[in-house]
Amino acid sequence: MRIDVPFAHQSAESAIQQSSREKLVNMYAEIEVSGRGVQKLLRRQRAGTVNAYARTGEKRAIEELNGIHYVVVDDTAYTWDGTTLTSIGTLNTNRGRCNIIINDNGYVMISDGTDGYHWNGSTFSSITAPTNIGTLAFMSGYGIYNVPGEDQFYVTAVNDFTSISALDFATAESYSDPIIRVFTDHNELWLFGEYSTEIWQLSGGVDFPFAAYTNAQMERGCMAAWSVAADDNTIFWLADDGVVYKADGYRPQRVSTKPMERAIGKLSDAAKAAAEGYFYTSEGNKFYTLRFPGELTIQFNVSTGFWNHCKTYGRDDWRIWGSLGERQSYFLSDAGIVTLSNDVNTDEGGAIVRSAAAPPGYIGGKRIRANEYRLDAEVGRAGLGVDPQVMLRVARDGETFGNERWRSLGPTGAYNRRAVWRNLGVGRNFALELSVSGDFNFAIVGADGNIVEASS
């Protein structure tokens, strides 16, 4: 009996492994709608990366305005115009995440978590401030920063990041927790605390230009300052309870799933606190990417609501740094400045292992014989001289995967080729895992198999 075989649509590993090992690594699910309104679920590979400029060192920040990116690597701030990386100044520190804001005049303010710096297009200088400078935000000409470890925030003079009065501060007073991130979106100032969040607005007050919204507080804080990112007309962040939320008005709406929350819960406290969130768009899919340095990278596809994993070959996380704002054309990697591209199948020339583990096949505890398994994937489009190989592993008990079995997806022009595996054995809880690492595009359309009930 030939039947359609369910395939992974997101990373959804169960707490009980024999229940489900479903997982997408460096792949994501996309809903394709035909002209007749028929929907089909495709699994596609994530974008690869292309090195635009080689520069080693600790990558600390990247932001863009009007085609110019501002970058911090080690203790040096740079401008990047897509061709030339130009040093503009030196910071007092060479480690740790930095924050960059840019005003309408193109003036730049940088924070390293303690000190502030200013670039006016010709001169780089330190900023004299009444307190240490934490995270940064920009709104209506004002630079805004929180005081590390406190519930206070300051504002600069309008269009002058270097002018900060000791009197130009306010306090987030709804709760007593410190502010760990200031962030602006839709002309609102969001003050993310450890256990609560307040929303303020530009009031134009004589004594202080911002005022708290009445009844616009959330009893939900932020676990990782750099996890906050905005796109799709809202804000996403990793909250103090280990759950990923997006803002639904002034209400936190959970978007993470139990499998993602379990994965986050297993990480070290240091990795959770250092989590970095950023957005990018790939062929119409918007991804909120959440990277826990050295340990995990997961993505939420806003268009489908599905989650997937990303990895750099040989690592547990995807070594890509993104903007802490809302836009960018370039990203940072270990090797330098990169772009994302759907036309390459590598990360800066290195392999990308793309894998997909299907949910288990289970028929009421009956023994199943898998006579044949056929993969419907994009074929016939590998480059000249490339023999695209796909690997299958089978777990007949839903947990223990067996030997690798390789099949070819066919050379260029072999559009009728199908990858077929036969005699996969007998079990009660079949789980399948596919994987490729070659330099060719890998897309899964579906799978079917000749599967029958086995004699007892």
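Looking only at side-chain heavy atoms (C-beta outward), Asp240 and Arg220 come within less than 4.5 Å of each other. The side-chain heavy atoms of Met27 and Ile444, taken from C-beta on, include a pair separated by under 4.5 Å. For the pair Asp177 and Asp151, the minimum side-chain heavy-atom distance is 4.5 Å or more. Residues Thr289 and Thr297 have side chains in contact (heavy-atom distance under 4.5 Å, counting atoms from C-beta outward). Considering only heavy atoms from C-beta on, Arg181 stays 4.5 Å or farther from Asn146 through its side chain. Within the 4.5 Å cutoff, the side chain of Arg251 has no heavy atoms near those of the Met218 side chain. For the pair Met139/Asn187, a side-chain contact is recorded, criterion being any heavy-atom separation below 4.5 Å from C-beta on. No side-chain heavy atom of Arg405 sits under 4.5 Å from any side-chain heavy atom of Met391.
Using bins of under 30°, 30° to 60° and over 60° for the plane-to-plane angle, the ring pair Trp80/Tyr330 lands in the perpendicular bin. Between Phe440 and Phe442, the ring planes are perpendicular. Angles over 60° get that label, and only those under 30° would be called parallel. Using a 30° and 60° split on the angle between ring planes, Tyr154 and Tyr145 fall in the parallel class, below 30°.
No donor-acceptor contact under 3.5 angstrom links the side chains of Glu58 and Asn94, judged on distance only. A donor and an acceptor atom, one from each side chain of Gln10 and Tyr28, are nowhere located under 3.5 Å apart. Counting only N and O atoms by type, the side chains of Ser122 and Asn120 include a donor and acceptor under 3.5 Å apart. Between the side chains of Asp115 and Ser126, no donor-acceptor pair of N or O atoms lies under 3.5 Å. No side-chain N or O of Ser11 forms a donor-acceptor pair with one of Glu22 less than 3.5 Å apart. Under the 3.5 Å distance criterion, with hydrogens and angles disregarded, no donor-acceptor pair is assigned to the side chains of Arg381 and Tyr415. A side-chain donor from one of Ser408 and Asp387 sits under 3.5 Å from a side-chain acceptor of the other.
Here the closest heavy-atom approach between residue Asn26 and residue Cys310 is recorded as OD1-CA, 3.3 Å. Minimum interatomic distance between Ile110 and Cys98 (heavy atoms only, all atoms of both residues): CG2-CB, 4.4 Å. Here the closest heavy-atom approach between residue Ile164 and residue Ala129 is recorded as CD1-CB, 4.0 Å. The two residues Ser111 and Gly134 come nearest to each other via the heavy atoms OG-O, 2.6 Å. Residues Ala225 and Thr135 share a closest heavy-atom pair of CB-CG2, 4.5 Å. Pairing each heavy atom of Ile320 with each of Ser333, the nearest pair is CD1-CB, 4.1 Å.
For Asn92, the CG atom sits in a packed shell: over 12 heavy atoms of surrounding residues, nucleotides or ligands are nearer than 6.0 Å. Applying the 6.0 Å contact sphere to OH of Tyr195 captures no more than 12 heavy atoms from other residues, nucleotides or ligands. Heavy atoms of other residues, nucleotides or ligands lying less than 6.0 angstrom from CD of Gln253 number more than 12. By the neighbour-count criterion of 12 heavy atoms within 6.0 Å, atom CG of Asn66 is sparsely surrounded, having that number or fewer from other residues, nucleotides or ligands. Counting non-hydrogen atoms of neighbouring residues, nucleotides and ligands closer than 6.0 angstrom, the OH atom of Tyr313 reaches no more than 12 such neighbours.
A salt bridge does not link Asp248 with Lys246: none of the charged nitrogens is closer than 4.0 Å to a carboxylate oxygen. With respect to the salt-bridge test (charged N to carboxylate O, under 4.0 angstrom), the residues Arg393 and Glu404 do not qualify. Between Arg44 and Glu283 a salt bridge is recorded (basic side-chain N to carboxylate O distance below 4.0 Å). A salt bridge is defined here as a Lys NZ or Arg NE, NH1 or NH2 lying under 4.0 Å from an Asp or Glu carboxylate O, and Arg417 with Glu378 fails to meet this definition. Between Lys311 and Asp317 there is no salt bridge, since none of the side-chain N atoms of the basic residue sits less than 4.0 Å from a carboxylate O of the acidic one.
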Exercise. Tell me, with the steps shown, if Arg95 and Asp74 meet salt bridge (charged side-chain N to carboxylate O under 4.0 Å, His left out).
Key: CA-CA 6 Å; Arg95 293 290 181 270; Asp74 293 330; 3.4 Å; yes
Quiz item: Can you list the steps and then say if Gln45 with Asn345 is a side-chain hydrogen bond (donor to acceptor under 3.5 Å, both in side chains)?
Solution: CA-CA 8 Å; Gln45 65 184 38; Asn345 312 299; 2.7 Å; yes
Quiz prompt | Residues Thr234, Asp232; criterion side-chain hydrogen bond (donor to acceptor under 3.5 Å, both in side chains); working and verdict | solution = CA-CA 6 Å; Thr234 192; Asp232 199 47; over 6 Å; no
Quiz prompt | Criterion side-chain hydrogen bond (donor to acceptor under 3.5 Å, both in side chains) on Thr346 and Asp439, from CA distance to verdict | solution = CA-CA 7 Å; Thr346 61; Asp439 185 3; 5.5 Å; no
Practice problem: Take Trp321 and Phe331 through the test ring-ring contact (aromatic ring centres under 6.0 Å, His included) and record every step on the way to the result. | Solution: CA-CA 6 Å; Trp321 289 259; Phe331 297 78; over 10 Å; no
Exercise. Applying side-chain hydrogen bond (donor to acceptor under 3.5 Å, both in side chains), run through Ser323 and Glu63 and close with a yes or a no.
Key: CA-CA 5 Å; Ser323 164; Glu63 298 296 339; 2.7 Å; yes
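Expressed to the nearest 0.5 Å, how far CG of Leu191 lies from CD of Glu198 amounts to 6.0 Å. From Leu340, atom CG reaches atom CG of Asp347 across 9.0 Å, with rounding to the nearest 0.5 Å. Rounding to the nearest 0.5 Å gives a distance of 5.0 Å between CG of Leu91 and CZ of Phe124. Rounding to the nearest 0.5 angstrom, the gap separating the CG atom in Leu24 from the CD atom in Gln299 is 11.0 Å. Interatomic distance, Glu194 CD to Cys222 SG, rounded to the nearest 0.5 Å: 9.5 Å. Here the CG-CG distance, from Leu65 to Asn103, works out to 8.5 Å after rounding to the nearest 0.5 Å.
For Phe210 and Tyr142, the gap between ring centers is short of 6.0 Å. Here Phe279 and Phe236 bring their ring centres to under 6.0 angstrom of each other. Here Phe153 and Trp200 bring their ring centres to under 6.0 angstrom of each other. Taking the six-membered ring for Trp and the full ring otherwise, the centers of Phe287 and Tyr278 sit at least 6.0 Å from each other. Remark: aromatic rings of Tyr107 and His118 are close, center separation under 6.0 Å.
In this structure Thr90 satisfies the side-chain contact (heavy atoms from CB on, under 4.5 Å) test together with Asp75, sequence neighbours excluded. Under the salt bridge (charged side-chain N to carboxylate O under 4.0 Å, His left out) criterion, Asp231 pairs with Lys286, not counting sequence neighbours. The side-chain contact (heavy atoms from CB on, under 4.5 Å) search around Ala230 returns Phe183, Asp185, Ile235, Glu326, not counting sequence neighbours.
With hydrogens and angles ignored, the 3.5 Å screen pairs no side-chain donor or acceptor of Arg43 with any backbone N or O of Ala29.
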